[in-house]
Amino acid sequence: MPSKDFLKVTELVSRKHHPRDITVVMTGGEPLLRNDLADIGKKLRAQGFRWSLVTNGYLLEPRRLNELINAGLGAITISLDGPAEQHNWLRVNPDSYRRAIEAIRLVARAGRLTADVVTCVNQKNIGLLPRIQEILTETGIRKWRLFTITPIGRAADIEDFNLTGEQYYQLLQFIEQNRNSVSFPEATFSCESYIGKFENKAREGFFFCRAGIHIGSILANGDISACPNIDRTLVQGNIYQDDFTDIWENKFQPFRNRDWTKINGCADCNQYRYCEGNGIHWWDYENRRILLCNYSKMKQS
Amino acid sequence: MDNPNYHRYYRRRKLLRTVFGVFSLSGILFAFQACYGTPKDFGLDVVIKGRVTSASTKTVLPGIRVDVGLNGQYTLTGSDGMFLMYCEKMREYHLTFSDPKTPRDTRYASRDTIIRPSLTEDSQTVLNLDIQLQ
């Protein structure tokens, strides 16, 4: 997508909403593949927005980070999915771990940035969480967010990606124990799903899926949706045909009224009033089918 | 629309908090990211910008390195002699302007400057400098 098309949309948004209350998160794919990222960031700041970045860190060397901070970058998230072997296995790149660690060290030293590391927990690294914790402590990073894989795309077919209910429970226990650690980076669970008795313990605040309520996205082809990992049948429009602000104000009904999720197992579940159908990214909207309910999985195990 | 949650969570003019810009899309990476997002940026920065000119000829000076003394942060002036950088909010900045490119005998002398901005809580502080190098 040419940057001017994206910036045209943000310009419209800035006229209708207060840009100071909005953060533009650049994600992907890998946003650092774009050479015009700093230029885009500078223009977003000129429009009044804040901006941040989710990256695998592969292309984040000192000069690039300097350029991004100069352009008003305020927050950054870097992915690290384990020690070298496990990280490189998941990323399918033998050099990925080394570069990610260098990038984490770099952002940990950058006083201007609020930074964290995200770890995608899977069968290969669930037993290595204390080791990852040690590695992160050595880098100087202070915040660590853990999440699991949604069973879509490649992850739907590979068993090693998905945790059992018992492992999911084990993950949440680990986070709870390290939630307020002063010796290690502070661990927290992502906003991915309702976690029953671990609510407010493994994560600050109670579960609430913000997709389409606080979060809108523009995808590479111009599609307008909520979080970028949500089922494509929930796309609400396209910036090349629609006014983003009009779509935001007048569509997004499936995100804002989630009664449609009260079907099948969710219809009779006594936790529904807390989770309201869980995170939208767990749903196959077209077939009105939840891909996975981690709470049920934990309970069954 | 009848669901009370709809009203509780959706105040449409106020709640557009985050816009995700996805420029480079990879189907595979969708599987890896369960929840996108970054930590909150508290916006604790100031804009330092300005123009660097020659004290003798008054012409603009491109390629001048501006160091701000924070974790090695620096920028270079553009073809119009202008520079702009967002910097961590501090009580004072030790700025150094140096000319890294031209041969030593024709190089402009480096200049150090200390600025102490009056920082406001709410609005973005902009420091606008006009620097002349000898």
Side-chain angles (χ1 to χ4, degrees), chain A residues 1 6 10 13 17 21-31 33-34 45 50 52-54 66 69-72 74-77 109-112 114-116 120 143 147-150 152-155 190-192 213-220 227-229 248-249 256-257 259 276 281, chain B residues 1-49 66-68 70-76 83-90 122-124:
Chain A
M1 179 188 296
F6 179 68
T10 54
V13 173
H17 302 269
D21 295 338
I22 300 171
T23 299
V24 179
V25 181
M26 306 290 188
T27 178
E30 176 47 51
L33 286 169
R34 285 194 72 117
R45 289 300 301 261
R50 290 174 190 169
S52 63
L53 189 65
V54 180
N66 180 67
I69 292 175
N70 284 346
I76 191 165
T77 292
R109 289 197 302 267
R112 165 65 188 97
T114 45
D116 73 353
C120 180
K143 290 192 179 297
F147 69 99
T148 64
I149 286 179
T150 313
I152 53 176
R154 191 157 69 104
S190 79
C191 59
E192 69 178 46
I213 297 167
H214 294 163
I215 299 168
S217 71
I218 299 165
L219 306 180
C227 303
N229 55 345
W248 178 256
E249 289 171 10
R256 294 165 188 170
N257 182 343
D259 286 350
E276 293 182 327
H281 67 277
Chain B
M1 291 288 283
D2 294 323
N3 185 337
N5 291 330
Y6 184 95
H7 300 288
R8 194 173 75 207
Y9 296 138
Y10 175 46
R11 300 181 186 96
R12 65 180 156 193
R13 295 217 167 265
K14 293 181 180 174
L15 294 182
L16 177 60
R17 292 284 184 254
T18 305
V19 176
F20 284 98
V22 184
F23 292 105
S24 50
L25 194 63
S26 156
I28 289 172
L29 283 181
F30 276 134
F32 295 160
Q33 293 282 3
C35 251
Y36 288 78
T38 57
K40 186 174 171 61
D41 168 24
F42 296 98
L44 302 174
D45 60 8
V46 301
V47 183
I48 301 178
K49 65 178 187 175
V66 185
D67 280 273
V68 75
L70 294 168
N71 299 310
Q73 189 181 351
Y74 72 94
T75 191
L76 297 172
F83 67 93
L84 182 149
M85 61 207 299
Y86 288 82
C87 301
E88 187 182 349
K89 206 171 254 189
M90 306 285 279
D122 299 327
S123 60
Q124 177 79 61

Contacting region of B/Phe83 [heavy-atom separation from chain A under 4.5 Å]: neither
- prompt: Side chain, backbone, both or neither: which part of A/Ile69 has a non-hydrogen atom closer than 4.5 Å to chain B?
  reply: both
- prompt: Is it the backbone or the side chain of B/Ile48 that comes under 4.5 Å from a heavy atom of chain A, or both, or neither?
  reply: neither
query: A/Arg112 and B/Glu88: which non-hydrogen atoms are nearest, and at how many Å?
result: N-OE1, 3.6 Å
message: Whether B/Lys40 and A/Asp116 form a salt bridge (side-chain N of Lys/Arg under 4.0 Å from carboxylate O of Asp/Glu) is what I want to check.
response: no
query: Just checking, any donor-acceptor pair under 3.5 angstrom between side chains of B/Thr38 and A/Ser52?
result: yes
- request: Would you mind checking if B/Asp45 and A/Arg50 are paired as a salt bridge, meaning a charged N to carboxylate O distance below 4.0 Å?
  value: no
Minimum-distance pair of heavy atoms, taken over all atoms of B/Pro39 and A/Ala75: O-CB, 3.3 Å
message: As a quick check of understanding, evaluate side chain to side chain contact (heavy atoms under 4.5 Å, CB included) for A/Asn70 and B/Tyr86, giving each step before the final call.
response: CA-CA 5 Å; A/Asn70 284 346; B/Tyr86 288 82; over 6 Å; no
